Amino acid sequence: MALDLTKTRNIGISAHIDSGKTTVTERVLFYTGKIHKIEEVRGGGDGATMDHMELEKEKGITITSAATTCYWKDHRVNIIDTPGHVDFTVEVERSLRVLDGAVMILTAVEGVQSQSITVDRQMKRYRVPRLGFINKMDRVGANPERVVESMREKLKLNAVAIQMKIGAEDEFKGHVDLITMKAVTYTGDNGENINVDEIPEDLKADAEERRHEMLDALSMLDDELMEMMLEEKDIPEEKLHEVIKKGTMSLELVPVLVGSAYKNKGVQAMLDAVLNYLPSPVNRETVVALDPEDETKEIEITPDPDKPLVALAFKLTDEQFGQLTYTRIYQGSIKKGSFVYNARDGKKVRVGRIVRMSANDRTDETLVGPGDIIALVGVDCSSGDTFCDDGHLMSMMSMFVPLSVVDLSVTVNKQEDADKLSKALNRFRKEDPTFHVKLDEESGQTIISGMGELHLEIYAERIRREYKCDVTLGRPKVAYRETITDMVDYDYKHKKQTGGSGEYGHVAGKMGPINAEEKEEGLNYVFENKLKGMNIPREFVGPIEKGFEDAMVKGPLADFPVIGIKVILEDGSSHDVDSSERAFKTTARHAFRQAYAKAGAIILEPIMSVECETPSEFQGAVTGDLSSRRGVLTGTDMQDDFAIIKAEVPLSEMFGYANEIRSKTQGKCGFSMEFCDYRPVPTGIQKELVSLAEKERANRNK
């Protein structure tokens with residue numbers, strides 16, 4: 001608490017899978033004295049410090065984001081190492097939601113890859129300033145200049161190199177710092193010795209040219225710097241640091257550094273850049289919370305320990321001793337043993353224990369304040385809840401949660417394990433907003449939904465290991481959706497007379513598809529109340545909204561969930577005795593079906609962005625295969641002897657793709673896949689799906 005907040009950095013490390021995020025974090029922990037022996041992600045040993053789950057060590061990938069705190073040059077750096085695999089993208093979403101800055105890692109050979117684009121979009125969504133770190137400079141084909149260019153072209157970032165490589169591939173030794181114009185090399189078994197020397201003669205001309213390019217780019221952000229350049233004045237280092245920091249924090253600039261974490265080169269300079277250019281909790285963009293009573297009213301949050309508490313629970317994990325709630329404190333402070341209030345439900349909660357995390361290890365704290373990322377032990381809440389002081393309830397804006405696209409059935413092999421499965425599914429559903437569980441009423445099967453096959457397979461494996469519960473996964477099913485294409489009127493009157501009071505409700509208005517802006521915001525259902533007068537009492541508007549929403553659970557066309565609907569309530573009527581919340585809910589459900597029948601209903605299927613990297617000799621085979629799967633090619637890049645093929649392909653055509661493409665390319669084609677959008681299915685497939693749904697309904701009614 002006594003630490004100067006300007007000397008705190010909350011950063012994330014994000015990138016495409018296999019770019020070296022966890023390796024970079026491991027080096028950071030070593031150089032900051034947090035660990036005394038470097039472990040690798042793969043290849044014996046205990047596995048990297050931040051990959052603490054057994055499954056992470058076995059598969060050599062990061063599955064859950066892990067937090068740690070370390071110290072560098074009298075600054076406290078809270079780091080979250082996030083997964084790269086697209087199936088665990090929600091881990092990146094929730095981490096970026098609470099961070100002040102990030103390091104975006106790109107590899108020196110592949111550069112901008114599919115998941116780099118996703119991570120970039122997430123950083124822009126939460127307005128997170130970032131540094132670029134071009135890793136794996138020791139690999140054959142390393143070309144940092146090409147990577148910087150692709151950051152500008154593909155990500156539309158103002159990427160500016162502030163370092164120039166010294167050597168490349170096997171000869172990579174370090175970098176020229178274009179700000180100080182010194183050569184920096186790394187020696188010692190673990191690169192712990194940093195040598196700062198004059199630039200070698202054979203690199204001077206190249207370094208001068210690169211510095212001039214850097215100054216040109218920076219001068220566009222600062223008039224004073226431009227004047228100094230025009231007048232050919234000497235530019236002080238402090239001025240350059242100031243311009244880079246200002247540009248980075250305003251998201252107008254991404255400074256780019258080079259290194260090889262695996263070869264222990266460049267990580268210390270990256271840490272220096274984190275301190276120099278990324279914001280502290282004090283000078284980050286203003287944070288706002290919403291008033292729960294009036295969600296249009298924004299309240300400015302300041303990192304003041306004496307003001308009322310505002311803290312966001314952004315990640316949950318269930319443990320032997322209760323729930324562990326990862327929390328970012330924005331304002332105020334939390335003391336061990338004190339009470340906090342959950343803004344969502346107003347419940348009072350006692351904070352029994354506060355811990356600072358380092359992967360799976362923890363240190364107890366008694367008092368924490370603004371800028372801290374800590375975990376509360378045994379506090380019951382949901383992901384995205386806001387903790388406040390009594391009388392000062394405020395809600396932080398929730399994070400974006402992508403739609404799940406794959407369904408699998410899960411069954412226990414021994415009936416006595418049913419309780420264990422139920423406990424596991426409830427826990428994972430609470431921890432992960434992209435993991436959904438539902439009961440298929442017709443088949444009686446438990447259906448789990450997620451971001452991809454790997455996502456669900458990892459959960460099945462965790463159920464087997466952590467709960468000693470043997471389960472079998474069914475065949476993957478595509479999570480189809482329904483929507484409508486036309487705006488239509490509805491006018492429905494519901495009357496039901498039984499003994500005693502009856503039911504009466506009457507609603508009228510319009511129903512149609514949401515607009516592009518609402519879709520961009522991630523909305524799937526928009527309800528607008530345009531009632532004039534008191535034909536329908538105010539207390540029935542909520543049930544009407546809920547009735548329409550309930551009707552969207554199963555679409556009338558083929559029993560798939562309905563998305564992208566806008567309902568406008570314009571008129572209606574009520575009865576003094578027979579109208580009730582239940583009656584109006586029922587009315588809304590019937591009105592939905594009435595409008596749906598004439599609104600041009602269609603079935604949507606999930607489309608995946610697929611990126612394949614293959615030796616050029618197999619380019620024809622890969623593109624032909626993607627086309628045969630109803631894929632639309634969106635681009636092809638050539639890098640040396642490799643082709644990078646991008647396409648958008650329906651998910652239904654991609655099951656089992658990994659095995660098939662390996663056999664067609666002698667195992668040399670790598671690919672990544674992520675959800676892109678929902679789009680209409682072809683007419684023939686829609687007819688098949690509708691026919692199948694009708695048969696299933698007929699069988700149920702027998």
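These numbers were taken from a predicted model, which means no experiment stands behind them.
Summarising the local packing, NZ of Lys598 is surrounded by more than 12 heavy atoms from other residues, nucleotides or ligands at distances under 6.0 Å. In this structure, Glu416 places its CD atom where more than 12 heavy-atom neighbours from other residues, nucleotides or ligands lie under 6.0 Å away. The neighbour count for Lys124 NZ, taken as heavy atoms of other residues, nucleotides or ligands under 6.0 Å away, is above 12. Within 6.0 Å of the CG atom in Asp576, the count of heavy atoms belonging to other residues, nucleotides or ligands does not exceed 12. Applying the 6.0 Å contact sphere to CZ of Arg593 captures no more than 12 heavy atoms from other residues, nucleotides or ligands.
Pairing each heavy atom of Ile536 with each of Leu569, the nearest pair is CD1-CD1, 4.4 Å. Of all non-hydrogen atoms in Leu604 and Pro680, the two that sit nearest each other are CD2-N, 3.6 Å. Minimum heavy-atom separation, Ile607 to Pro650: CD1-CA, 3.9 Å. Looking at every heavy atom in both residues, Val288 comes nearest to Glu300 through CG1-CA, 4.3 Å. Across every non-hydrogen atom of Ala647 and Thr634, the tightest pair is N-OG1, 3.7 Å. Shortest non-hydrogen contact noted between Arg630 and Pro682 is NH1-CD, 3.4 Å.
Side-chain contact check for Val507 versus His494: every heavy-atom pair is 4.5 Å or farther apart. Taking 4.5 Å as the limit, every side-chain heavy atom of Asn524 sits out of range of all side-chain heavy atoms of Ile565. Looking at Val437 and Ile447, their side chains never come closer than 4.5 Å, going by heavy atoms from C-beta outward. Residues Val567 and Val526 fail the side-chain proximity criterion, which asks for heavy atoms closer than 4.5 Å.
Side chain of Thr386 to main chain of Met396: a donor-acceptor pair is present (N/O by atom type, distance under 3.5 Å, no hydrogens or angles). Under the 3.5 Å distance criterion, the side-chain polar atoms of Thr325 are left unmatched by any main-chain donor or acceptor of Cys381. A donor-acceptor pair under 3.5 Å links the side-chain atoms of Gln331 to the main chain of Thr302, judged by distance alone. Of the possible polar contacts, none joining the Arg328 side chain to the Ile373 backbone as a donor-acceptor pair under 3.5 Å is found. Listed for the Thr483 side chain is a donor-acceptor partner under 3.5 Å among the backbone atoms of Ile563. Judged purely by atom type and a 3.5 angstrom limit, Lys554 has no side-chain atom pairing as donor or acceptor with the backbone of Ala551. One N or O on the side chain of Glu518 and one on the backbone of Asn515 form a donor-acceptor pair closer than 3.5 Å. In terms of modelled atom types and a separation under 3.5 Å, the side chain of Ser422 and the main chain of Ala418 share no donor-acceptor contact. Checking side-chain atoms of Glu482 against main-chain N and O of Ala558 turns up a donor-acceptor pair under 3.5 Å. The backbone N or O of Val632 lies less than 3.5 Å from no partner atom in the side chain of Glu648, so there is not a single donor-acceptor pair.
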Kindly determine whether Met123 and Arg125 satisfy side chain to side chain contact (heavy atoms under 4.5 Å, CB included), including the steps that lead there.
CA-CA 5 Å; Met123 288 181 180; Arg125 181 181 293 132; over 6 Å; no
Using the side chain to side chain contact (heavy atoms under 4.5 Å, CB included) rule, take Lys430 and Asp380 through it: C-alpha gap first, then chi angles, then the decisive distance, then the call.
CA-CA 11 Å; Lys430 196 174 180 186; Asp380 187 38; 2.8 Å; yes
Verdict with reasoning, Glu605 to Arg481, per salt bridge (Lys or Arg N to Asp or Glu O under 4.0 Å):
CA-CA 6 Å; Glu605 64 180 342; Arg481 298 285 186 265; over 6 Å; no
Run the side chain to side chain contact (heavy atoms under 4.5 Å, CB included) test on Val478 and Asp407 for me, step by step, so that the C-alpha distance in whole Å, both residues' side-chain angles and the decisive distance to 0.1 Å come before the verdict.
CA-CA 6 Å; Val478 179; Asp407 293 349; over 6 Å; no
Working for side chain to side chain contact (heavy atoms under 4.5 Å, CB included), residues Ile484 and Met511:
CA-CA 9 Å; Ile484 54 177; Met511 186 170 97; 3.9 Å; yes
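How far CD of Glu466 is from NZ of Lys423: 14.0 Å, rounded to the nearest 0.5 Å. The CG atom of Leu309 sits 5.0 Å away from the CD1 atom of Ile334 when rounded to the nearest 0.5 Å. Atom CE of Met487 is separated from atom NZ of Lys566 by 6.5 Å, given to the nearest 0.5 angstrom. Between the OG atom of Ser409 and the CD1 atom of Ile448 there is a distance of 8.5 Å, given to the nearest 0.5 Å. Atom CG in Asn342 sits 8.5 Å away from atom NZ in Lys347 (nearest 0.5 Å). Atom OG of residue Ser382 and atom CG of residue Asp345 lie 8.0 Å apart, to the nearest 0.5 angstrom.
Among pairs with a residue in residues 580-590, those fulfilling salt bridge (charged side-chain N to carboxylate O under 4.0 Å, His left out) read Glu503-Arg582, at least two apart in sequence or across chains. Evaluation of the salt bridge (charged side-chain N to carboxylate O under 4.0 Å, His left out) test over residues 384-394, restricted to residues two or more places apart or in two chains, returns Arg344-Asp385. The ring-ring contact (aromatic ring centres under 6.0 Å, His included) contacts involving residues 506-546 comprise Phe540-Phe584, where partners must be two or more places apart or lie in separate chains.
For the pair Lys156 and Asp120, the salt-bridge criterion is not met [side-chain N within less than 4.0 Å of a carboxylate O]. Under a 4.0 Å N-O distance rule, the pair Lys315/Asp432 does not qualify as a salt bridge.
Partners of Glu285 according to the salt bridge (Lys or Arg N to Asp or Glu O under 4.0 Å) rule, which considers only residues two or more places apart in sequence or in another chain, are Arg127. For Gln594, the side-chain contact (heavy atoms from CB on, under 4.5 Å) partners two or more places apart in sequence, or in a different chain, are Tyr490, Tyr492. For Val553, the side-chain contact (heavy atoms from CB on, under 4.5 Å) criterion is met by no residue, not counting sequence neighbours. Partners of Tyr467 according to the ring-ring contact (aromatic ring centres under 6.0 Å, His included) rule, which considers only residues two or more places apart in sequence or in another chain, do not exist here. Not counting sequence neighbours, the partners of Arg464 by the salt bridge (Lys or Arg N to Asp or Glu O under 4.0 Å) test are Glu461. Qualifying ring-ring contact (aromatic ring centres under 6.0 Å, His included) partners for Tyr480, counting only residues two or more places apart in sequence or in other chains: Phe560. Asp417 meets the side-chain contact (heavy atoms from CB on, under 4.5 Å) test with Val412, Lys414, Lys420, Cys469; sequence neighbours excluded. Under the side-chain contact (heavy atoms from CB on, under 4.5 Å) criterion, Thr472 pairs with Thr411, Asn413, sequence neighbours left out. Remark: Asp489 engages Lys510 in a salt bridge (Lys or Arg N to Asp or Glu O under 4.0 Å) (not counting sequence neighbours).
Taking the six-membered ring where tryptophan is involved, the planes of Tyr459 and Phe428 are tilted, since the angle between them lies from 30° to 60°.
Looking only at atom types and distance, the side chain of Ser573 has a donor-acceptor partner in the side chain of Tyr504 under 3.5 Å away.
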